[in-house]
Peer 1: 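Pasting a structure below so you can have a look.
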Amino acid sequence: MIQVDHLTVNFGPSVAVRDVSFSVAQGESFGLVGESGSGKSTILRTIMGLNPDWSGSIKIDGQDTKSTSRTDLARRAQMVFQDPYASLHPRYVIGQAIAEPMRINKLPDPEKRTVELLDLIGLPGQFRFRFPHELSGGQRQRVAIARALALNPKILLLDEPTSALDVSIQAEILNLLNQLRKELGLTFVIVSHDLAVISYMCDRLMVMRNAEAVETLSREQLRSRDIAQSYTRELIAAS
């Protein structure tokens with residue numbers, strides 16, 4: 001579903017990602033881990049077309065993103081951001097926020113689909129009349145997930161989806177995401193500092209440092225400490 005080859009991303013004279021390659025199979029959950037500033041979130045944003053200065057190749061479901069329209073890309077992949085407080089418009093009720101992508105893309109009956117999506121994420125239909133400030137952080141992140149699913153994408157890019165939430169709520173959101181992945185056949189790429197989250201959520205993970213890929217591991221290799229690189233061992237010990 002995702003094929004990234006020799007990706008390099010520049011921010012002016014600085015290199016944010018240097019010659020990174022990886023692939024993600026259909027239905028797989030793939031993790032990106034590493035210290036702050038290593039380029040993890042930049043990779044997600046570049047896949048979604050939010051960084052203009054990059055080289056290499058990115059293919060989503062076989063389509064080269066450089067020759068794919070933003071509309072087509074949005075129907076194939078969506079992103080859930082770290083901060084549920086900042087990612088929802090404060091003056092839109094929840095129903096508006098979820099329905100807006102459907103209206104922009106002229107999908108039929110957005111109101112009915114909004115209620116279905118709220119049910120899918122475990123919120124009552126009457127929540128569509130509430131404003132974001134009337135919801136808890138976990139509820140807002142559920143709404144952000146519902147909005148990301150509005151166009152029926154097959155790929156979700158999740159940038160630290162639980163780090164802004166209380167620990168007690170984090171497990172609820174992670175379990176919801178796992179449930180949605182199974183029910184809807186979704187493919188995930190998840191960025192997290194928390195190796196416990198990655199171990200729970202991901203089939204494979206790539207460790208990054210200083211804009212470069214260090215190594216790629218399976219969940220089993222991570223749990224059994226079958227690790228080749230000293231930096232990865234240090235990262236696990238620190239976490």
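Because only heavy atoms are used, hydrogens play no part in the values below, and waters and symmetry mates are left out as well, while side chains stay in. By convention here, the first residue in the shown sequence is residue 1.
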Peer 1: Ignoring hydrogens and geometry, is there a side-chain-to-backbone donor-acceptor pair from Gln170 to Leu165 under 3.5 Å?
Peer 2: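 Yes: the side chain of Gln170 pairs with the backbone of Leu165.
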Peer 1: Any idea which heavy atoms bring Pro153 and Ala74 closest together, and the distance?
Peer 2: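 Scanning both residues, the minimum pair turns out to be CB-O, 4.5 Å.
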Peer 1: If you compare all heavy atoms of Ala148 against all heavy atoms of Leu156, which two are closest, and at what distance to 0.1 Å?
Peer 2: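 It is CB-CD2, 3.9 Å.
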Peer 1: Heavy atoms, side chains only, cut-off 4.5 Å: are Ser36 and His193 in contact?
Peer 2: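 Yes; the side chains approach each other to less than 4.5 Å.
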Peer 1: Side chains of Leu174 and Asn178, heavy atoms from C-beta outward: is any pair under 4.5 Å?
Peer 2: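 In short, these two side chains do not touch, never coming nearer than 4.5 Å.
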Peer 1: List the steps, then state whether side-chain hydrogen bond (donor to acceptor under 3.5 Å, both in side chains) holds for Gln63 with Thr68.
Peer 2: CA-CA 7 Å; Gln63 299 293 313; Thr68 301; 4.6 Å; no
Peer 1: Hey, could you give me the OH/OG distance between Tyr200 and Ser192, rounded to the nearest 0.5 Å?
Peer 2: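 So the gap between those two atoms works out to 14.0 Å.
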Peer 1: What residue among Thr216, Leu32, Leu195 forms side-chain contact (heavy atoms from CB on, under 4.5 Å) with Leu205?
Peer 2: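 Option passing the side-chain contact (heavy atoms from CB on, under 4.5 Å) with Leu205: Leu195.
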Peer 1: Please evaluate residues Trp54 and Thr65 with respect to the criterion side chain to side chain contact (heavy atoms under 4.5 Å, CB included), reporting the C-alpha separation (whole Å), side-chain torsions for both, the decisive distance (0.1 Å), and the verdict.
Peer 2: CA-CA 12 Å; Trp54 63 276; Thr65 60; 3.9 Å; yes
Peer 1: Applying side chain to side chain contact (heavy atoms under 4.5 Å, CB included), run through Leu184 and Leu120 and close with a yes or a no.
Peer 2: CA-CA 11 Å; Leu184 304 178; Leu120 190 65; 4.0 Å; yes
Peer 1: Applying the side chain to side chain donor-acceptor pair (under 3.5 Å) test to Asp72, which of Arg70, Arg76, Arg75 qualifies?
Peer 2: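 In the set Arg70, Arg76, Arg75, the residue that makes a side chain to side chain donor-acceptor pair (under 3.5 Å) with Asp72 is Arg76.
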Peer 1: How many angstroms lie between atom CD1 of Ile94 and atom CD of Glu134, to the nearest 0.5 angstrom?
Peer 2: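 The CD1 atom of Ile94 sits 8.5 Å away from the CD atom of Glu134.
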Peer 1: For Glu111, does the CD atom sit with more than 12 other heavy atoms under 6.0 Å from it, leaving out its own atoms?
Peer 2: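 Above 12, so yes.
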Peer 1: Can you measure from CG (Asn51) to CZ (Phe11) and round to the nearest 0.5 angstrom?
Peer 2: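 Rounded to the nearest 0.5 Å, the CG-CZ separation comes out at 4.0 Å.
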Peer 1: Report yes or no: do Met48 and Leu44 belong to one cluster of Ile/Leu/Val/Met/Phe/Trp/Tyr joined by side chain heavy-atom distances under 4.5 Å?
Peer 2: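 Hydrophobic grouping puts Met48 with Leu44.
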Peer 1: Give a yes or no on whether the backbone of Val214 and the side-chain of Arg209 come within a donor-acceptor separation of less than 3.5 Å.
Peer 2: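 No: the side chain of Arg209 does not pair with the backbone of Val214.
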Peer 1: Check for a donor-acceptor pair, side chain of Ser23 on one end and backbone N or O of Ile2 on the other, with a separation under 3.5 Å.
Peer 2: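 Not at all, since once roles are kept as given, no pair shorter than 3.5 Å links the two residues.
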Peer 1: Give the cluster check for Leu151 versus Phe188: same hydrophobic cluster or not, with ILVMFWY residues linked at side-chain heavy-atom distances below 4.5 Å.
Peer 2: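 Leu151 and Phe188: one cluster.
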Peer 1: Is the closest side-chain heavy-atom distance between Thr46 and Val17 below 4.5 Å?
Peer 2: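 Not in contact.
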Peer 1: So which heavy atom on Gly31 is nearest to which on Ile198, and how close?
Peer 2: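 Distance-wise, the nearest heavy atoms are CA-CD1, 4.0 Å.
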Peer 1: So which atom in Glu35 and which in Lys40 form the shortest heavy-atom distance, rounded to 0.1 Å?
Peer 2: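 The pair with the smallest heavy-atom distance is O-NZ, 3.2 Å.
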Peer 1: Calculate, to the nearest 0.5 Å, the distance between atoms CE and CZ belonging to Met201 and Phe30 respectively.
Peer 2: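 Answer rounded to 0.5 Å: 14.5 Å.
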Peer 1: Do you reckon Ile190 sits in the same ILVMFWY cluster as Ile145, going by side-chain contacts under 4.5 Å, direct or chained?
Peer 2: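 They do share one cluster, since a chain of ILVMFWY contacts under 4.5 Å joins Ile190 to Ile145.
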Peer 1: Using a 4.5 Å cut-off on heavy atoms from C-beta on, say whether the side chain of Met102 contacts that of Thr114.
Peer 2: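 Yes, close enough: below the 4.5 Å cut-off.
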Peer 1: Indicate yes or no: at least one non-hydrogen side-chain atom of Asp64 is less than 4.5 angstrom from one of Ile58.
Peer 2: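 No; the side chains remain at least 4.5 Å from each other.
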Peer 1: Do Ile43 and Leu157 touch side chain to side chain, with heavy atoms closer than 4.5 Å?
Peer 2: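 In short, these two side chains do not touch, never coming nearer than 4.5 Å.
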Peer 1: Got a second to check how far Arg103's CZ is from Gln96's CD, nearest 0.5 Å?
Peer 2: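 These two atoms lie 7.0 Å from each other.
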Peer 1: Assess whether atom CZ of Arg223 is packed by more than 12 heavy atoms of other residues, nucleotides or ligands within 6.0 Å.
Peer 2: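 Enclosed.
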Peer 1: Does Asp109 come within less than 4.0 Å of Arg113, counting only side-chain N to carboxylate O?
Peer 2: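 No.
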Peer 1: Using side chain to side chain contact (heavy atoms under 4.5 Å, CB included), reason through Val15 and Val9 one step at a time and then give a plain yes or no.
Peer 2: CA-CA 6 Å; Val15 179; Val9 184; over 6 Å; no
Peer 1: Could I get the full list of side chain to side chain donor-acceptor pair (under 3.5 Å) partners for Ser21, not counting sequence neighbours?
Peer 2: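 With sequence neighbours excluded, Ser21 shows a side chain to side chain donor-acceptor pair (under 3.5 Å) to no residue whatsoever.
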Peer 1: Ignoring hydrogens, what is the shortest heavy-atom contact between Leu135 and Arg130? Give both atom names and the distance.
Peer 2: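 Taking every non-hydrogen atom into account, CD1-CB, 3.8 Å.
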Peer 1: Using 0.5 Å steps for rounding, measure from the CE atom of Met208 to the CG atom of Asn210.
Peer 2: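 The CE atom of Met208 sits 9.5 Å away from the CG atom of Asn210.
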Peer 1: Let's go through Ile98 and Arg128 carefully: what are the C-alpha distance in whole Å and the side-chain angles of both, what is the deciding distance for side chain to side chain contact (heavy atoms under 4.5 Å, CB included) to 0.1 Å, and is it a yes or a no?
Peer 2: CA-CA 8 Å; Ile98 295 174; Arg128 68 189 186 278; over 6 Å; no
Peer 1: Taking the side chain as C-beta and beyond, is there a heavy-atom pair between Asp5 and Lys59 under 4.5 Å?
Peer 2: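 Counting from C-beta outward, Asp5 and Lys59 never come under 4.5 Å.
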Peer 1: Measure from the side-chain N and O atoms of Arg181 to the backbone N and O of Leu186, and report whether any donor-acceptor pair falls under 3.5 Å.
Peer 2: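 No.
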Peer 1: What are the two closest heavy atoms between Val20 and Ala211, and how far apart are they?
Peer 2: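 For Val20 and Ala211, the tightest heavy-atom pair comes out as CG2-O, 3.9 Å.
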Peer 1: Taking only residues two or more places apart in sequence or in another chain, which ones pass side chain to side chain donor-acceptor pair (under 3.5 Å) with Glu28?
Peer 2: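 Here the qualifying residues are Arg204.
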Peer 1: Any heavy-atom pair between the side chains of Leu176 and Gln141 that's under 4.5 Å?
Peer 2: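 Result no, sub-4.5 Å side-chain heavy-atom pair not found.
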Peer 1: Following the transitive rule for hydrophobic clusters with a side-chain heavy-atom cut-off under 4.5 Å over Ile, Leu, Val, Met, Phe, Trp and Tyr, establish whether Val189 and Leu217 coincide in one cluster.
Peer 2: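 Cluster IDs for Val189 and Leu217 differ.
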Peer 1: Would a distance-only check, ignoring hydrogens and angles, find a side-chain to backbone donor-acceptor pair under 3.5 Å from Asn175 to Ala171?
Peer 2: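 At least one qualifying donor-acceptor pair exists.
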Peer 1: Are Ile169 and Leu88 joined in one hydrophobic group, where the rule is that I, L, V, M, F, W and Y side chains link up if heavy atoms are under 4.5 Å apart?
Peer 2: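 Yes: a chain of side-chain contacts under 4.5 Å links Ile169 to Leu88.
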Peer 1: How is the hydrophobic cluster of Val93 composed, in terms of its other members, when Ile, Leu, Val, Met, Phe, Trp and Tyr link through side-chain heavy atoms under 4.5 Å apart, directly or indirectly?
Peer 2: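 Grouped by the 4.5 Å side-chain rule, Phe131 form the rest of the cluster around Val93.
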Peer 1: So, are Arg142 and Glu172 salt-bridged, with charged N and O less than 4.0 Å apart?
Peer 2: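 Salt bridge between Arg142 and Glu172, a charged N being under 4.0 Å from a carboxylate O: yes.
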Peer 1: Hey, does the side chain of Asp194 reach the backbone of Ala196 with a donor-acceptor pair shorter than 3.5 angstrom?
Peer 2: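 Judged by distance alone, yes, a pair lies under 3.5 Å.
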Peer 1: Counting only N and O atoms by type, is there a donor-acceptor contact under 3.5 Å from the side chain of Thr187 to the main-chain atoms of Ile155?
Peer 2: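 No, the answer is negative, given that no donor and acceptor are paired below the 3.5 Å cut-off.
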